[in-house]
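Working notes, structure below.
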Amino acid sequence: MTNADFTLDARPYSSDTLTVVPVLAGEAPTLLGSSDLGLNASRIEALGVSGKAGATQRILVAAEHGDGEAAVLLVGLGSTRDAESLRRAAGVAARALSKAADVSYDLADASAEEVEALATGHGLGGYSFDRFKSKSGDDESADAVQRVAIESRDEGAQASLAKARVIIGSVDLTRNLVNTPPNALVPEEFADRVVQEFADSDVSVEVWDEPKLIEEGCGGITGVGQGSANAPRLVYLEYAPADARAHVALVGKGITFDSGGLSIKPAASMVGMKFDMAGAASVVGVIRAAAALELPVRVSGWCALAENMPSATALKPDDVITMRSKTTVEVTNTDAEGRLVLGDALALASEVKPDVIIDIATLTGAQMVALGDRTTGLMGNDEQWRDRVLAASEAVGEPTWSMPIPEEIREKLDSPVADIVNAKPGDRAGGMLFAAAFLEKFIGEGESAQSIPWVHLDIAGPADTKSAYG
Ligand code: BES
Ligand code: ZN
Ligand code: ZN
């Protein structure tokens, strides 16, 4: 959770607040606050202040408000003052100052955009998840709300803070779902949490249970879910404002735990697989934000939820299943389950003919091999939409890289017994691209296949970056 309350009434350099001052790197590092704090070049050097991105120093200066001394945290921006460097620096500051009751940012002439960057950086960087820690009674600081004030004279700053609060709250929601252990977030529980979240809001939620999924022909979702004691669900969300100018459909992979099924994962690879619903959790968070920000866009979301387990009733390698789109799939590997649940959800999204479909999924280990744990792999069938999503990722500091779906990879989908296979046994080359080629089969309907622009985001790495951004 993020326990910060943001305001604009900063009182920097008082004895009862911790002041954060960003520092720009360069031949002579520059303090970007409203005061030079009496630090001339030689004292800056003596303190070892470099302005290097993520570097921090704590110093004491004479208080400007009240008596005594004021604590200051200098935090490096690197060599550029922009939204991304400020977000990261504020994230570093939030982690360094997690115990402080009052924090004031002093960035001279902070623009509204910079206020938003500092607030989102602080809010997102200060996140922690302790719901499952047994509290030792004396640790009250865990629940205390931190007051964070940012100095700005920009008229738009208040609106920036309001936007930052929405973004932080929505990312918190997504992160809390991702971090919740799989015994506390089976598909039914995930669906219930979404229903609760959007009760009394502009977002409508509809949940399909297992009998309904069978009735609707969602053989991918029911196939993956059939091996588990915890039945699958599909959650459909919709935010449809009267002034909507476009319709975006979001589809998320929601495997609440991925053991691999009968194609079981080795023990070490299974640890962390509670996160395999991060795509679905992102869909929920994005829709919360779109509604709270009253964006003039209709946003529909499909969360395809199942637990992938081995059992006497589980899907077997060699099984052939029939998907929502009537496409038949030979299951060659039950660990390639994400594409099965997504295939149904993509077909459902296609049926409502949105302007674009964007899916998000912790889909392949191959994504991490190719791009590491911070860069999302982006694929799709429409260059313009790929570019728009790339530009959006760039603007918010979420590295994303475009990857192809080559023809020769598409050809590997052929199955001797069904329409397509879900994996190519023994062939790991281009695993991320093969998965995308599989998903593409479910975009559009029949003859109109591929007529709907579609963007696929493989977030296997970025959904669990292991370490904080510095
Ligand atoms: N959930 C995994 C993808 C994954 C693997 C994410 C490792 C993060 C780390 C997915 O369901 C999966 O197991 N994919 C297989 C596909 C393969 C069997 C074709 C993979 O990537 O190994
Ligand atoms: Zn898997
Ligand atoms: Zn998976």
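Counting convention: from 1, in listed order, for ligands and their atoms alike. What you see is a predicted model, and the numbers here were worked out from it, not measured in a lab.
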Would you mind telling me if ligand 1 is within reach of the side chain of L363, the backbone, both or neither, using heavy atoms under 4.0 Å? backbone
Return yes when K424 approaches ligand 1 closer than 4.0 angstrom through a heavy atom, no otherwise. no
Examine ligand 1 and decide if any of its atoms is less than 4.0 Å from a heavy atom belonging to R339. yes
Return yes when F275 approaches ligand 1 closer than 4.0 angstrom through a heavy atom, no otherwise. yes
Look only at interatomic distance and state if D276 has a nitrogen or oxygen under 3.5 Å from any nitrogen or oxygen of ligand 1. yes
Within the stated cut-off of 2.8 Å, is an N/O/S atom of D258 closer than that to the Zn ion (ligand 2)? yes
If we ignore angles and hydrogens, is there a donor and acceptor under 3.5 Å between the side chains of W208 and E206? yes
Any K265 heavy atom less than 4.0 Å to ligand 1: yes
Could you please compute the angle at the Zn ion (ligand 2) from OE1 of E337 to OD1 of D335, rounded to 10°? 120°
To the nearest 0.5 Å, tell me how far S451 OG sits from I443 CD1. 10.0 Å
Distance only, no hydrogens: is a donor on one side chain within 3.5 Å (strictly under) of an acceptor on the other, for Y127 and N176? yes
Filtering D427, N422, D335 for the heavy atom nearest atom 12 (C) of ligand 1 leaves D335
Check: of A463, A423, G365, min heavy-atom distance to atom 21 (O) of ligand 1 comes from G365
If you measure from each heavy atom of K253 to ligand 1, is any distance below 4.0 Å? yes
Do R374 and T465 have side-chain atoms, one donor and one acceptor, less than 3.5 Å apart? no
Side chains of N422 and T332: donor-acceptor distance under 3.5 Å anywhere? yes
Does R165 make a cation-pi contact with F6 (under 6.0 Å, within 45 degrees of the axis)? no
Polar side chain donor-acceptor pair, H247 to D355, under 3.5 angstrom: no
Atoms of ligand 1, numbered as shown, that sit under 4.0 Å from any heavy atom of N333: 18 (C)
